[in-house]
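Below is one structure, written out as structure tokens; comments come after it.
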Amino acid sequence: TGADLNLPRDADAHSIVYAAASGVVTFAGRLPTWGNVIIIKHDPLAGSNLVRYTRSAHVQEVGAKVGERVRRRQPLAKDGHAFGVHA
């Protein structure tokens, strides 16, 4: 599940996409329909074994690599649409 956070008329085009929390990049590449995608497996919160993931799709200029450890608020890519490219 998730939410499409694009602002009306692509007002957020080319803005930076940040990591929501610390973790490890488990996927960074292109998928059919989703275009350029980054998936992060986040560190469990203290006292919890619950694992959470975030997926950022339709991004351009992917700057993350599989296996890379990222921290909260680290820049990962720029916002795009379709397959990561704005018209």
Measuring from atom OG1 of Thr26 to atom OH of Tyr53, what distance do you get when rounded to the nearest 0.5 angstrom? 6.0 Å

To the nearest 0.5 Å, what is the distance between CZ (Arg52) and CG (Leu45)? 6.5 Å

Residues that Glu68 engages under side-chain hydrogen bond (donor to acceptor under 3.5 Å, both in side chains), provided they are two or more places apart: Gln74

How far apart are the C-alpha atoms of Arg55 and Val37, what are their side-chain angles, what is the distance that settles it, and do they pass the side chain to side chain contact (heavy atoms under 4.5 Å, CB included) test? CA-CA 7 Å; Arg55 175 182 59 213; Val37 176; 3.7 Å; yes

Can you list the residues that meet the side-chain hydrogen bond (donor to acceptor under 3.5 Å, both in side chains) rule with Thr54, with sequence neighbours excluded? His42

Hey, are the side chains of Ile38 and Val62 touching, using non-hydrogen atoms and a 4.5 Å cut-off? yes

Over all heavy atoms of both residues, which pair between Phe27 and Val66 is shortest? Give the atoms and the distance, please. CA-CG2, 3.9 Å

Asn36 side-chain N/O to Gln60 backbone N/O, donor-acceptor pair under 3.5 Å: no

So which heavy atom on Ala21 is nearest to which on Val70, and how close? O-CG2, 4.4 Å

Would Val51 and Asn49 count as a side chain to side chain contact (heavy atoms under 4.5 Å, CB included) if you check the C-alpha gap in whole Å, the side-chain angles of each, and the deciding distance to 0.1 Å? CA-CA 6 Å; Val51 176; Asn49 290 327; over 6 Å; no

Does anything in residues 37-46 form a salt bridge (charged side-chain N to carboxylate O under 4.0 Å, His left out)? List the pairs, not counting sequence neighbours. Asp43-Arg69

Tell me every residue that passes side-chain hydrogen bond (donor to acceptor under 3.5 Å, both in side chains) with Arg72, counting only those two or more places apart in sequence or in another chain. none

Check Ala28 against Ala64 and note the closest heavy-atom contact, atom names and distance. CB-O, 3.5 Å

Using the test side-chain contact (heavy atoms from CB on, under 4.5 Å), find all partners of Pro75 that sit at least two apart in sequence or belong to another chain. Ile16, Tyr18

